[in-house]
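Structure, as structure tokens:
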Amino acid sequence: MKSILLKIFLFLLVFSMMFYKSQKVTVRGIAKDTTKNRNFVMVVINDTLMKHKGDGYSELLKNKYRVFADKQGYYQIKAKPTDTLYFYSDKYFTQKYKVADIIKNKIKVELKPEPCVPYIACEQKQPSNFYIFVGERISKKYEPDPYYCNRRRSLDDGGMKYTYKIKDNIYGDYPKDTIEFKSYSHLGRPMIEYYDTVLLFVGEYCGKLYQEKYQFFDLYKTKDGRWASPGDPYKFDKYQEDKTIKAQSIDFDPFIRISTIPPDDDDQRFQNYEAPYYRLIGDKAVPLMGTYIKDLIKVKMGGSLKNKNIDLDKIK
């Protein structure tokens, strides 16, 4: 009889423990970073949001997998005792604790800041070196700006770092056959990514190479082996007042077919493939008119790059 009662007791004990572990409890605690008069600590159950970023992310938010601590650091979230809470804040080291340990030990979370570097503004207006070249992309990667001690965030938070193969040096004679530079865009994905071959304008400022913001042309080969950009020469400079360069009839490579369907449906930056610059075949455009490189550079010099010291006599 005692043996049976003991087994029943043990069964009930194990069952109650399993039941407890499977039930959500309300976790209340304190989580702070070191920002004055602000507190941006995010509390996430089991790192769920980070693991599923972009895939069902909004649905997970509805299920209350995360909360934010208030200005005093207080937070409240429902989780299982077996769950782990992750504590995040931008530019701070993440910490994680088991729910059961937080409750038992009354853990107060104080996030430690990441190391920072002093911010030194680049005041250089004219580039030390300026390069214009025909390029073909080799690679790209997002590169965040450094974490600066003396400003809450950098101007752009980071940009894309590109490596391009230089197919033709047009201006500046960059000494290598590949070049790395950074590109910033506030308008979504940088437009240069949508084209295989582009005419690029890259300046050196404070020892670093940057694409002149938004400045490029898409390029295609002509029958005589030159490079030209089809369409209106001001297709990327529509608001430029001085429009002296005109497109001309060009015999492009007869096999060129350009898709007229924008890669991003909601992107309004793409050109119109219309007559007389193109002939349409279904959803493809055949280029008929365009502009050669030297005149493309004149377009930029009359607008976005008019303050750059470009010597036209040195253009190849």
Side-chain angles (χ1 to χ4, degrees), residues 127 129-140 162-181 183 190-203 209-238 240 243-260 263 269-279 284-306 308 310-316:
N129 294 288
F130 195 81
Y131 304 106
I132 305 174
F133 58 90
V134 178
E136 184 179 82
R137 190 173 77 248
I138 297 173
S139 64
K140 67 168 185 175
Y162 293 101
T163 302
Y164 266 75
K165 176 183 178 182
I166 296 180
K167 303 185 78 168
D168 277 312
N169 254 317
I170 306 299
Y171 183 86
D173 287 324
Y174 190 74
K176 300 178 182 179
D177 59 0
T178 61
I179 184 172
E180 287 188 347
F181 59 88
S183 178
M191 287 287 289
I192 59 174
E193 293 188 12
Y194 295 104
Y195 303 98
D196 295 331
T197 306
V198 288
L199 182 67
L200 281 166
F201 303 83
V202 173
L209 295 175
Y210 299 93
Q211 179 196 3
E212 294 292 337
K213 208 162 191 177
Y214 310 127
Q215 305 309 309
F216 81 99
F217 282 104
D218 55 320
L219 293 178
Y220 298 86
K221 277 285 190 179
T222 64
K223 286 181 71 174
D224 61 4
R226 290 189 285 173
W227 292 104
S229 184
D232 181 356
Y234 296 93
K235 58 192 174 188
F236 301 133
D237 300 85
K238 294 179 180 179
Q240 191 166 314
K243 296 183 178 181
T244 57
I245 303 299
K246 304 296 181 184
Q248 57 186 292
S249 294
I250 293 178
D251 288 329
F252 284 94
D253 184 319
F255 296 102
I256 293 174
R257 298 291 185 272
I258 304 171
S259 175
T260 60
R269 296 175 293 169
F270 289 92
Q271 56 182 304
N272 294 318
Y273 297 95
E274 55 191 8
Y277 304 111
Y278 299 92
R279 176 168 56 90
K284 299 292 190 293
V286 178
L288 303 175
M289 299 181 69
T291 309
Y292 291 108
I293 284 178
K294 194 161 188 175
D295 280 343
L296 293 174
I297 295 172
K298 288 180 180 178
V299 169
K300 295 299 184 184
M301 288 180 63
S304 303
L305 302 179
K306 63 183 176 183
K308 306 300 178 187
I310 301 174
D311 186 349
L312 277 174
D313 293 331
K314 294 182 179 180
I315 294 174
K316 295 180 181 180

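Along the sequence shown, residues carry numbers from 1.
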Residue pair [X] / [Y], side-chain heavy-atom distance below 4.5 Å:
X	Y	answer
Lys140	Thr163	no
Ile297	Ile315	yes
Thr222	Asp253	no
Val299	Tyr234	yes
Pro230	Met289	no
Gln211	Ile192	yes
Leu199	Trp227	no
Ile293	Leu219	yes

Of the non-hydrogen atoms in [X] and [Y], which two are nearest, and what is the gap between them?
X	Y	result
Ala247	Gly231	CB-O, 3.8 Å
Phe133	Ile179	CZ-CG2, 3.6 Å
Tyr278	Leu288	C-CD1, 3.8 Å
Lys284	Thr260	C-CG2, 4.0 Å
Lys243	Lys238	NZ-O, 2.8 Å

Quiz item: Think Arg226 forms a cation-pi with Tyr292, using NZ or CZ under 6.0 Å from the six-ring centre and within 45 degrees of its axis?
Solution: yes

N-O pairing of [X] and [Y] below 4.0 Å:
X	Y	result
Lys300	Asp237	yes
Arg137	Glu193	no
Glu136	Lys165	no

Quiz item: Parallel, tilted or perpendicular: which describes the rings of Phe201 and Phe130, with under 30° parallel and over 60° perpendicular?
Solution: tilted

Exercise. For residues Phe181 and Tyr164, establish whether the separation of their ring centroids is below 6.0 Å.
Key: yes

Quiz item: Hey, do the aromatic rings of Phe236 and Phe216 have their centres closer than 6.0 Å?
Solution: yes

Quiz item: Passes side chain to side chain donor-acceptor pair (under 3.5 Å), Ser229 versus Asp218? Steps please.
Solution: CA-CA 6 Å; Ser229 184; Asp218 55 320; 3.1 Å; yes

Is [X] atom [atom1] crowded by more than 12 heavy atoms from other residues, nucleotides or ligands, each under 6.0 Å away?
X	atom1	answer
Arg279	CZ	no
Lys306	NZ	no
Asp224	CG	yes

Practice problem: Please say which of Leu209, Asn169, Leu200 ends up in a side-chain contact (heavy atoms from CB on, under 4.5 Å) with Tyr131. | Solution: Leu209

Quiz item: To the nearest 0.5 Å, how far apart are NZ in Lys221 and CD1 in Ile256?
Solution: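 Lys221 atom NZ to Ile256 atom CD1 measures 10.5 Å (nearest 0.5 Å).
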
Quiz item: Between Lys246 (side chain) and Thr291 (backbone), is there a donor-acceptor pair under 3.5 Å?
Solution: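 Pair absent, no side-chain N/O of Lys246 close to backbone of Thr291.
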
